Amino acid sequence: MAMALRTAAAAAPRGLRRLFSTTSNPAINFPPSAATATQQREKREPSTNLFVSGLSKRTTTEKLQEAFSQFGEVVHARVVTDRLSGYSKGFGFVNYATLEGAANGIKGMDGQFLDGWVIFAEYARPRPPPGQHENNMSSPYSRR
DNA sequence: CGTGAGCGG
């Protein structure tokens, strides 16, 4: 009973994150022919790294880990804060032990209230491992 | 100002 509270709050999928980018330009919005379907649209690859956004400015790392530890074993959680001022940026990262733990954490905390604000949990983006010294002066070529 | 989109050390 009373299980429809998470629907109204989290009624904003990854679509409202960027505001309605009304790119309704019927002039420069026309793919030539090859429809590059190799682009990431929504389905993100499952990973133990979870990106949590919508956190309150006073939400700390402990609160995050404690909230996400209820759905899985959280190896490490971190709320991104500014090194200059020290205030939270409003989002954090949660590292689960396994992939299924992360999936349960997302379905369990995505769209829930934390500190009075609705938080969003999803898989974090794959980032380049710090093992490449060959820095190519910025080469933004690889783009799934 | 901690004002509210976003991806860290």
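Predicted model only: the values in this text are computed from it and were never measured. Below, read A as the first sequence line, B as the second, and so on, with proteins coming before strands; counting in each chain starts at 1.
- Summarising the geometry, the separation between NE2 on A:His76 and P on B:dG8 is reported as 15 Å, rounded to the nearest angstrom.
- Atom CZ of A:Phe120 is separated from atom C1' of B:dG6 by 12 Å (rounded to the nearest Å).
- Counting only heavy atoms from C-beta on, A:Tyr87 has its side chain closest to B:dG2 among B:dG2, B:dC7, B:dG9.
- Of the listed nucleotides (B:dG9, B:dG6, B:dC7), B:dC7 has the atom at the smallest distance from the side chain of A:Phe93.
- Of the two residues near DNA chain B, A:Ser85 and A:Phe91, the one whose nearest nucleotide lies more 5' is A:Ser85.
- Using a 4.0 Å heavy-atom distance criterion, A:Gly54 is classed as a base contact.
- The nearest whole Å value for the distance from the CH2 atom in A:Trp117 to the C1' atom in B:dT3 is 9 Å.
- With distances taken from any side-chain atom of A:Asn49 to the nucleotides B:dG8, B:dG4, B:dC7, the minimum falls on B:dG8.
- Rounded to whole Å, the distance from CG on A:Leu55 to C1' on B:dG8 is 13 Å.
- The NZ atom of A:Lys89 sits 18 Å away from the P atom of B:dG4 (whole-angstrom rounding).
- Within 4.0 Å (heavy atoms only), A:Ser56 reaches at least one base atom of the nucleic acid.
- Sorted by first and then second residue, the side-chain hydrogen bond (donor to acceptor under 3.5 Å, both in side chains) pairs with a member in residues 90-104 of chain A read A:Asn49-A:Asn95; sequence neighbours excluded.
- A close approach under 4.0 Å does occur between a side-chain nitrogen or oxygen of A:Lys57 and OP1 or OP2 of B:dT3.
- Within 4.0 Å of A:Leu50, counting heavy atoms only, lies no atom of the nucleic acid at all.
- Identified under the ring-ring contact (aromatic ring centres under 6.0 Å, His included) test for residues 54-76 of chain A, with sequence neighbours left out: none.
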